[in-house]
Amino acid sequence: MPVIKKWENSLVLQIPDHIAARLGVTENSEVEFSMSDGKLVVRPVSSKLRYSLSRLLDEVTEENLHKEIPTGSPQGDETT
């Protein structure tokens, strides 16, 4: 079980490899801390977040799925 340690004037929490991989963080990745219901939340800074198609598709729901957007008639070789 991970424990909090002291490093100079800060406290340090080691993140197990399997959790770091799921977060998409490596050494020197920027993260932000917040509190939610008395729990520490660690989140990668969005500009450093690694996206994957499967993760993005997991977020699609009936409520946030938009309708088809008309873009006009086909042009050039689009129809072949």
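Keep in mind that what you see is a predicted model, and the values were worked out from it rather than measured.
In this structure, Leu13 belongs to a hydrophobic cluster whose other members, linked by side-chain heavy atoms under 4.5 Å apart, are Ile4, Leu11.
Two residues are said to be in side-chain contact when any heavy atoms from C-beta on lie closer than 4.5 Å; Pro44 and Ser29 fail this criterion.
At least one donor-acceptor pair under 3.5 Å links the side chain of Gln75 to the backbone N or O of Ser73.
In this structure, Lys6 places its NZ atom where more than 12 heavy-atom neighbours from other residues, nucleotides or ligands lie under 6.0 Å away. Shown here is Asp17, whose CG atom has no more than 12 heavy atoms of other residues, nucleotides or ligands within 6.0 Å.
Side-chain heavy atoms closer than 4.5 Å link hydrophobic residues (I, L, V, M, F, W, Y) into clusters, and following such links, possibly through other members, connects Val31 to Leu40. Val25 and Trp7 fall into different hydrophobic clusters, defined by Ile, Leu, Val, Met, Phe, Trp and Tyr side-chain heavy atoms under 4.5 Å apart, directly or through other members.
Atom CG of Leu23 is separated from atom NE2 of His18 by 10.0 Å, given to the nearest 0.5 angstrom. Here Lys39 contributes atom NZ and Ser34 contributes atom OG; the two are 12.5 Å apart, rounded to the nearest 0.5 Å.
Nearest heavy atom pair, residue Ala21 against residue Arg55, reads O-NH2, 4.1 Å. Of all heavy-atom pairs between Ser36 and Val41, the closest is CB-CG2, 3.9 Å. Shown here for Glu32 and Val45, the closest heavy-atom pair between the two residues is N-CG2, 4.3 Å.
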